Protein chains: 2
Amino acid sequence: MTEQNLTKNQDLVLNQLGKSKTPMSAYDLLDSLRDKGLKAPLQIYRALDKLTEMGLAHRLESLNAFVACAHPNCHENELIAFGICEKCNKVWEFSDDEVSNRLDLWAKERDFTPVKTSLEIRGICAKCA
Amino acid sequence: MTEQNLTKNQDLVLNQLGKSKTPMSAYDLLDSLRDKGLKAPLQIYRALDKLTEMGLAHRLESLNAFVACAHPNCHENELIAFGICEKCNKVWEFSDDEVSNRLDLWAKERDFTPVKTSLEIRGICAKCA
DNA sequence: TCCTAAATGTAATAACATAACATTGTTGCG
DNA sequence: CGCAACAATGTTATGTTATTACATTTAGGA
C-alpha cells in the first residue's frame with residue numbers, strides 16, 4: 001500500500017495537486033490553501049518533501065513546480081520521465097526501460113551511483129500544435 | 001565554426017564558466033565578474049541566454065546553475081545528458097543515441113514536438129563513493 | 001504516564017529570475 | 001556619409017522560489 005497515513009498538511013497539498021490539471025508551484029499551492037489555514041511557504045515545502053519522498057508527487061525541475069503522481073502505485077525506484085507542453089502546461093508521465101537501462105549502463109561504467117534522475121521533455125503537444 | 005563573435009559580456013561569462021570545475025549559478029558568476037564591471041543579475045542572465053542558445057553553455061535545471069559546454073563543437077540539436085556528483089559537484093556531459101531514439105519515439109507516437117529536453121542524473125561519483 | 005520523534009507554526013531572510021525603460025553600439029542600405 | 005533598424009547594454013526595481021532558525025504541538029511507543 002502506498003497510501004500510508006498522510007498528515008493534515010500533506011493531505012491538503014496532495015489533494016490540491018490531484019485536482020489540478022497542470023503543475024503547481026509551491027506558491028500556487030499556498031495560495032489555493034490559504035483558506036484551509038496554511039499560511040507559510042514552509043508548510044507547503046515540508047509537505048511536498050514528504051510527498052515526493054513517498055513517490056506520491058513529483059517535482060518538475062525545469063518548471064520549479066509539482067504534480068501528483070499519475071500512477072500512485074508506481075514503483076518508486078524506477079526512472080520517471082515527463083513530457084511537458086509549453087502551451088497548455090499539461091504533463092505526461094511515462095517511463096521507458098530501454099532508457100533506464102542505458103542510463104544504468106552509463107552509471108555502471110563509471111562507478112557512478114545514481115540518487116535521483118530527472119528527465120523532462122518540453123515541447124508542444126498534439127492538441128496545441 | 002561555433003566560435004562566432006561573442007559580445008564582451010558573453011565572453012566574460014563563458015570564460016568564467018570555462019575556468020570553473022563545477023557549475024556556477026548566475027549569482028556566482030556575478031560575484032566573480034564584479035571586478036570586470038558587471039553589476040546586475042540581468043547582465044549575467046542575458047549573456048547566459050545567448051550562450052545556451054548557441055550551445056556554448058548549458059543550464060542544469062536541477063541545480064539552477066550553468067556549465068560551459070564540454071564539447072564546444074557538439075551538434076546543438078542532439079540530446080545532452082548530465083551526470084552530477086552531489087558530493088564534489090563535478091559534472092559529466094554525455095549523450096546516448098539509444099536514449100535519444102527512445103524519446104523521439106515517445107514523442108512521435110503522440111505527435112508531441114520536443115523543444116528542449118533535460119536529462120540529469122544526480123548521484124555520487126566514483127571518487128566520492 | 002512520560003519520553004521521544006515527527007510534525008507544525010511563524011518570522012525573517014536568502015537565492016534565483018524578470019520587467020520596464022533609457023541608452024549605446026553595430027550593421028547595412030539608400 | 002547619414003540614417004534606420006536592430007542588438008546589446010546599463011540600471012533600478014520587483015517578482016518568484018526556497019531555506020534558516022527557533023518555538024510549540026502532536027502522536028505513538030516503552
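A note on names: the letters A, B, ... follow the listed sequences, proteins ahead of strands, and every chain is numbered from 1. These numbers come from a predicted model, not from an experiment.
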Hey, does the side chain of A/Gln43 reach the backbone of A/Leu38 with a donor-acceptor pair shorter than 3.5 angstrom?
-> no

B/Ser118 vs B/Glu61, side-chain hydrogen bond (donor to acceptor under 3.5 Å, both in side chains): CA-CA, chis, key distance, verdict | CA-CA 7 Å; B/Ser118 73; B/Glu61 298 289 355; 5.4 Å; no

Can you check whether B/Tyr27 stacks with the C/dC16 base, using ring centres under 5.5 Å and planes within 30°?
-> yes

Does the A/Arg110 side chain pair with the main chain of B/Trp92, one donor and one acceptor, at a distance under 3.5 Å?
-> no

First and last nucleotide of DNA chain D touching chain A, 5' to 3', heavy-atom cut-off 4.0 Å?
-> D/dT17 to D/dA21

Taking atom types as modelled and ignoring hydrogens, do the side chains of B/Ser25 and B/Asp28 form a donor-acceptor contact shorter than 3.5 angstrom?
-> yes

Using a cut-off of strictly less than 4.0 Å, decide whether A/Gln43 has a side-chain nitrogen or oxygen near OP1 or OP2 of C/dT8.
-> no

Residues in side chain to side chain contact (heavy atoms under 4.5 Å, CB included) with A/Lys36, at least two apart?
-> A/Leu12, A/Leu33

Given atom CG of A/Asn9 and atom P of C/dA6, what is their separation to the nearest angstrom?
-> 17 Å

Under a 4.5 Å cut-off applied to non-hydrogen side-chain atoms, are A/Arg122 and A/Leu63 in contact?
-> yes

Separation of C/dC16 P from B/Tyr45 OH (nearest whole Å) = 7 Å

Shortest side-chain distance from A/Leu42, nucleotide among C/dA19, C/dA7, C/dA11 | C/dA11

Judged by nearest nucleotide, the residue sitting upstream toward the 5' end of DNA chain D, B/Asn64 or B/Lys8, is B/Lys8

Validation row: A/Pro114, A/Leu103 side chains within 4.5 angstrom (heavy atoms) = no

NA contact type, B/Ala26, heavy-atom cut-off 4.0 Å: base, sugar-phosphate, or nothing?
-> nothing

Length of the CG-P vector between A/Asp11 and C/dA7, whole Å | 14 Å

Which comes earlier along DNA chain C counting from the 5' end, the contact point of B/Arg46 or that of B/Ala65, where each point is its nearest nucleotide?
-> B/Ala65

Which whole-number value in Å describes the distance from B/Ile44 CD1 to C/dC16 P?
-> 13 Å

Does A/Thr7 have a side-chain nitrogen or oxygen under 4.0 Å from the phosphate oxygens OP1 or OP2 of C/dA6?
-> no

